[in-house]
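Read through the structure below, which is laid out as structure tokens, and then see the notes.
Bear in mind the structure is a predicted one, so any value in this text is a computation, not a measurement. In what follows, every chain begins at residue 1, and chains take the letters A, B, ... in the order their sequences are listed.
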Amino acid sequence: MKKYDFKKIEAKWQKVWQEKGVYEPALKSSKGKNPPFYNLMMFPYPSAEGLHVGNMYAFTGTDIYGRYKRMQGNDVFEPIGLDGFGIHSENYAMKIGAHPMKQAKVSEKRFYKQLQAIGNGFAWNERLETYDPEYYRWTQWIFAQMFKAGLAYRKKQAVNWCPSCMTVLSDEQAEGGKCERCNSVVIKKDLEQWFFKITEYAERLLQNLDKLDWSEKVKIAQKNWIGKSEGAELEFGIKNYELGIKNALVIHGVSGHKRENWFPWLKDILEKDGWHVSVPTLPTPDHPKIEEWNMVLKKESTSASVLIGHSLGAPAALNLIQTSNKKIDRLILVAPVNPKQDWRYLKSVYPQADWDAVKNFADIKFDWEKITKLVRQVVVYYSDNDPYVSAKSVEFYKQHLPNAIFRFLPGKGHFNERYGITEFPEILEAVNPKVKVFTTRPDTLFGATYVVLAPEHPLIQNLEGGIKNVVEVKNYIKKSKAKTDEERIENKEKTGVELRGVKAINPATQGEISIWVADYVLSSYGTGAIMAVPAHDERDHEFASKYKLPIVEVVDSQDNSDGTLWLGGGRLINSGRFNGVDSEEAKWKITAEVGGKKKIQYRLRDWLISRQRYWGPPIPMIHCEGCEKAGKGERKEMPGWYAVPDKDLPVKLPFVKDFRPQGSGSSPLAASKAFRDVRCPVCKNKAKRETDVSDTFLDSAWYYLRYPSLSSKTAKAKAWDPEITKSWCPVDMYIGGAEHSVLHLLYVRFLALALHDLKLVNFGDSKAPKGEPFPKFRAHGLLIKEGAKMSKSKGNVVNPDEYIKNFGADTLRMYLMFLAPFEQGGDFRDAGVMGISRFLERVYKFSQRISDPNTTNYIRIIRKERKNSEHSDVFVDLDRILHQTIKKVSDDLESLSYNTAISAMMILLNKFEEKAESVSLPNWIDFLKLLAPFAPHLSEELFQSAKKHNSQFIIRNSIHLSDWPQYNPELARESNFTLIVQINGKVRASIEAPIGISEKNALALALRNERVKELVSGDPKRVIFIPNRLINLVI
RNA sequence: GCCCGGGUGGCGGAAUGGUUUACGCAGAGGACUUAAAAUCCUUGACCCGAAAGGGUUUGUGGGUUCGACUCCCACCCCGGGCACCA
């Protein structure tokens, strides 16, 4: 008898399959006979010595499904490639002291060899590697498309920075605030970064989830990550002036007029909020005389607490203050002219005005000391391109008003209509500051006893003049910004500082409440400010308790018996307590009453694309300073920026010797002048290349689109062929690890939806919403080893090569699938491998027995002859269990319940062995077909040898291209079953009974049973009969 | 803290509200062998019992039901994800 020589068998068939192209689908021909089925597994990243058994687990599970689909008559496409760009591979190269570009070639060879060895039905002609310039050319092209569509932008953001490795870290690498590699504490660093606007797609990404056939836990993870909350945005007024009179006076400049500029806008808004605003037209706007102006202004100013002076109105305002000798809360100077310095100049640019008159203003003598005493706070707005105000003038005011707040707003010119300034929110802020908060519980507004701002909140700077403890506040902000994530996590105790001297107004109660700055409020979520309701929010409660802030409970209108305090005169709204009921009605009622609005917030942040690393696709962007200055650029809002033209792609990653991350916060590529310095694609002057590379997740966000088109004629000219994409996408089945639940799987979906909106792809049928790349996704579980997590430090990492060498790929594949449910993951135990090894050994032996004419008499019996045979009962039996197994295995394959499918095959083999002489060749071939997806090599070998012994079965060249066994319910039907007899719910007997027995007959049968007779006397009180299962007698 | 997933023999794990423990591993007994390995056969939750049989048992406690691993409520433990998201 021959031995099961798996080494020989596996090598032989792998070669044949590849030569015959068994796994190559008809990608290009649109008239492929079989329906296309795109079966995809997440491709591996080569960041270690070789493939991990976890990869093997995932790939095998996917491959089995693909093979099943192929035998069901689909044209299955199952490609493989390497996600070889990125930090994982770069770090590995550094670790072993290699250059990533060279190491990539080494890993490539090794990984493909291993991938070959597991015997998957990969379409080897369509491999791709993300570091191949022919691939990343299109990754860059996609980036450019995103930029052109306004979906890529730059902003400054604090990123994770490891001071010891001197590099930026991704969030995944900065786990728990510590560097993954060197364990040092990660700090934050502000850097200009590229982002993709994934937040714009938040709602669609969320809505579509319901229509996707995905593992539930992954959908839930994505939902949580997107983090939609519905709530309200409410405005709290701020009182930061001592005089408390809502009365403002606006003073225009030369030829200014109250109907011009932002004056009407400001007046309108302030008056709605109960202010009195006067914007007088001064008597001689084109021939300004200070005496005349003062006369008019004095009348208007008697009750003003805030003075606003624009242009020449600024010195007018200053003069008014010193002559009227009255206390003023705030003085706001917008583009303040200094006549002493500017008048000759003014005359030259605006000759129609009477500038000799303006000269009068130059003679004003300012008593700076007096002014400073009379005005509590001065705010000055100025810009860089103001033709009437020189830098010297600004300097002049800075010198004499050292305590004023100077706010520079670039590009605003002279702050009038000529520069598009008809609305001026910054000045509104200064006159009448408000703070917006986001809350999901507006119904608790009556319990809001203080307001908290994030340290980065811009309002703090605005209020500076009114804050009495500015130094303390500034110190706090500095400290919390320097805080590491680790400190924020470990130092759970909340800290904060009150902004003394300013108060917020609770819009429901009109009561004054304190304002705090505290780092338990995040600047990146909502408005960066909250209303604190300590009675109904644990975090606020903790903070309020620590700083002795009032805690006011909002109670139900039916229940105010416990002496609850009230702000705002005891208005009651319907609301719950700490974790109590909150009614939707109350929420929106109060929101409307205080003039707030409904608001939807997402937790999702924009996708940070830049990496200051070497091993990735260079971001294909060019920055031209000349164009920026001229206000030119590919997109209006980003002057100076151009995408690299398509014809210049790819921007090849140069080989640089020192690829290690720099300490400077820029990529190692920045050091290469040859790479960095380019010509502007538009003005042809000197310009600079972006030197950051893009995130690895961008590489893997579109690979599935490239695979089917790789061997088409258009592969060189296009990222993908629209025709091919249309027939092969979306992916029919996608399988991968749950660890990619949020990042990879969300990025791919986002990019696909964006590409769909840009009309760059067009797929999606009834299976899923348009543009969704993966209508069906299943997450596999995690493998552990002998009850413990696999890790290199423990030395318990399973090396798949070893098992393939000792037991064969088929055994390893099958054991991996048998040890636990695929989607759950399980425990790899060496002892368990033996069980499968034995099973395949037995399969091999049984096959030998069938093919040996000396040991079997009935092997060639076919159906017709069997009917009259003396063994016909046995044949019926065998057919029955075979067809039951066909059903079981088919159903289990569909639901990826591989472990139970294998167990069913074991049961079948046991039965075959028991009745070996009666097993027919067709029976046996059906068994082999069931086995084929799991043990592709062995089943092929035995199938081919069975073919030799009987030519009457039509067999195509490979078992993997043969038809899946047809389930016949007639043959699977049982004739008898075990009737369970229960008495009072307890099993007392089991009797063999025919299927379909009636209740009456079943009862009679039960009562005839000896055991039952002993226990039952007289008629049972009640009989419960479950057809074909049990009968329960209640006595 | 929140959100998932799970808790069944010595172990990995099966089980449309209907015989708990399929299949496999380990164990015990036997056959073959000088012997061992390999292979094959038998056995196999626990307690009482010589046996027939009886009782107990799916993390804990309750509930619904003729009947609960399965459904409901409360709690405990383990694994994973998110984490000051207002």
### Summary
For A:V452 and A:A532 the tightest heavy-atom approach is CG2-CB, 4.3 Å
### Nearest-angstrom distance, P atom, B:rG80 to B:rG18
33 Å
### Query
Nearest to the side chain of A:V1034 - B:rC66, B:rU16, B:rA86?
B:rC66
### Summary
Base orientation of B:rG81, chi within 90° of 0 counted as syn, else anti, reads anti
### Query
Quick one: A:F818 CZ to B:rA14 C1', roughly how many Å, whole number?
10 Å
### Message
Considering every strand and a 4.0 Å limit on heavy-atom distances, what is the contact class for A:A221: base, sugar-phosphate, or nothing?
### Response
nothing
#### Entry: Nearest-Å distance for atom pair CD1/P, residues A:I907 and B:rA22
10 Å
### Task
Just compare B:rA86, B:rC66, B:rC82 and give me whichever is closest to any side-chain atom of A:W225.
B:rC82
#### Entry: P-based separation of B:rG63 from B:rG53 [nearest Å]
33 Å
### Task
Indicate, with a heavy-atom threshold strictly under 4.0 Å, whether A:K1021 touches base, sugar-phosphate, or nothing.
nothing
### Task
Show your reasoning for whether side chain to side chain donor-acceptor pair (under 3.5 Å) applies to A:S229 and A:Y525.
CA-CA 11 Å; A:S229 334; A:Y525 184 77; 3.2 Å; yes
### Task
Could you check whether A:N910 gets within reach of a base, just the sugar-phosphate, or nothing at all, counting any heavy atom under 4.0 Å?
sugar-phosphate
### Query
Heavy-atom contacts under 4.0 Å between residues 974-985 of chain A and RNA chain B, which residues?
A:T978, A:I980, A:Q982
### Query
Does A:K785 make a cation-pi contact with A:F828 (under 6.0 Å, within 45 degrees of the axis)?
no
### Task
Pick the C1' atom in B:rU56 and in B:rU20, then give their distance to the nearest Å.
13 Å
## Note on the structure
Hits for side chain to side chain contact (heavy atoms under 4.5 Å, CB included) against A:R603, two or more places apart or cross-chain, chain-then-number order -> A:W225
### Message
Within the supplied structure, the quantity of interest is the number of heavy atoms (other residues, nucleotides, ligands) at a distance under 6.0 Å from A:K887 NZ; does it exceed 12?
### Response
no
### Query
B:rA86 P sits how many Å from A:E230 CD, rounded?
12 Å
### Query
Think A:R441 has a side-chain N or O under 4.0 angstrom from the OP1 or OP2 of B:rA86?
no
### Task
Of all the heavy-atom pairs spanning A:R1008 and A:K1013, show the shortest one and how long it is.
O-CE, 3.3 Å
### Which nucleotide in B:rA86, B:rC25, B:rC3 has an atom nearest any side-chain atom of A:V521
B:rA86
### Message
Could you identify the nucleotide paired to B:rC84, looking across every strand shown and requiring Watson-Crick or G-U wobble geometry with both distances under 3.5 Å?
### Response
none
### Task
Let me know the distance between CD1 of A:I220 and C1' of B:rG80, rounded to the nearest Å.
13 Å
## Note on the structure
Residue set satisfying side chain to side chain contact (heavy atoms under 4.5 Å, CB included) with A:A901, at least two apart, ordered chain then number -> A:V889, A:D892, A:F934
#### Entry: Of the listed nucleotides B:rU39, B:rC84, B:rA86, the one nearest the side chain of A:I530
B:rA86
### Query
Base, sugar-phosphate alone, or nothing: which one does A:F828 contact when heavy atoms must sit under 4.0 Å apart?
nothing
### Query
Do A:E913 and A:R842 meet the salt-bridge criterion of a basic N to acidic O distance under 4.0 Å?
yes
### Message
Of the listed nucleotides (B:rU56, B:rU39, B:rA86), which one gets closest to any side-chain atom of A:F438?
### Response
B:rA86
### Query
Looking at A:F195 versus A:W607, is the centre-to-centre ring distance below 6.0 Å?
no
### Distance, P atom - from B:rC71 to B:rG17, rounded to whole angstrom
8 Å
### Message
Counting the atoms with a prime plus P, OP1 and OP2 as sugar-phosphate, which does A:T439 contact under 4.0 Å by heavy atoms, base, sugar-phosphate, or nothing?
### Response
sugar-phosphate
#### Entry: First encountered from the 5' end of RNA chain B, between A:N1032 and A:I1026
A:I1026
### Residue-phosphate contact under 4.0 Å: A:Y520 side-chain N/O, B:rA86 OP1/OP2
no
### Message
Without decimals, in angstroms, what is the distance between A:F839 CZ and B:rC40 P?
### Response
13 Å
### Query
Of the nucleotides B:rC82, B:rG54, B:rC3, which has the atom closest to the A:R1011 side chain?
B:rG54
### Task
Would you mind classifying the nucleic acid contact of A:L1030 as base, sugar-phosphate or nothing, using non-hydrogen atoms under 4.0 angstrom?
base
### Message
Using heavy-atom distances to pick each residue's nearest nucleotide on RNA chain B, tell me which of A:P821 and A:R842 is more 5'.
### Response
A:P821
### Task
Decide if the gap between the ring center of A:Y57 and the ring center of A:F822 is smaller than 6.0 angstrom.
yes
### Query
If only side-chain N and O atoms of A:N899 are considered, is one of them under 4.0 Å from the OP1 or OP2 phosphate oxygen of B:rA14?
yes
### Task
Would you classify A:K888 as touching base, sugar-phosphate or nothing, given that sugar-phosphate means primed atoms plus P, OP1 and OP2, and contacts are heavy atoms under 4.0 Å?
nothing
### Task
Could you state the atom-to-atom distance from CD of A:E216 to P of B:rC3 in whole Å?
16 Å
#### Entry: Distance test, side-chain N/O of A:K986 to OP1/OP2 of B:rU56, below 4.0 Å
yes
### Message
Taking pairing as Watson-Crick or G-U wobble with both contacts under 3.5 Å, can you name the mate of B:rA31, or confirm there isn't one?
### Response
B:rU39
### Presence of A:T900 side-chain N/O under 4.0 Å of B:rC23 phosphate oxygens OP1/OP2
no
### Message
Does A:R1029 contact B:rU16 through a side-chain donor or acceptor facing the base, at a distance under 3.5 Å?
### Response
yes
### Query
OP1 or OP2 of B:rC4 sitting under 4.0 Å from any side-chain N/O of A:K219?
no
### Task
Taking only the side-chain heavy atoms of A:V987 (C-beta and beyond), determine which of B:rG54, B:rU19, B:rC82 contains the nearest atom.
B:rU19
### Message
Just N and O in the side chain of A:R1022: are any of them under 4.0 Å from OP1 or OP2 of B:rC66?
### Response
yes
### Query
To the nearest angstrom, how far is A:E493 atom CD from B:rG1 atom P?
18 Å
### Query
Counting any heavy atom closer than 4.0 Å, what does A:R988 reach on the DNA or RNA strands: base, sugar-phosphate only, or nothing?
sugar-phosphate
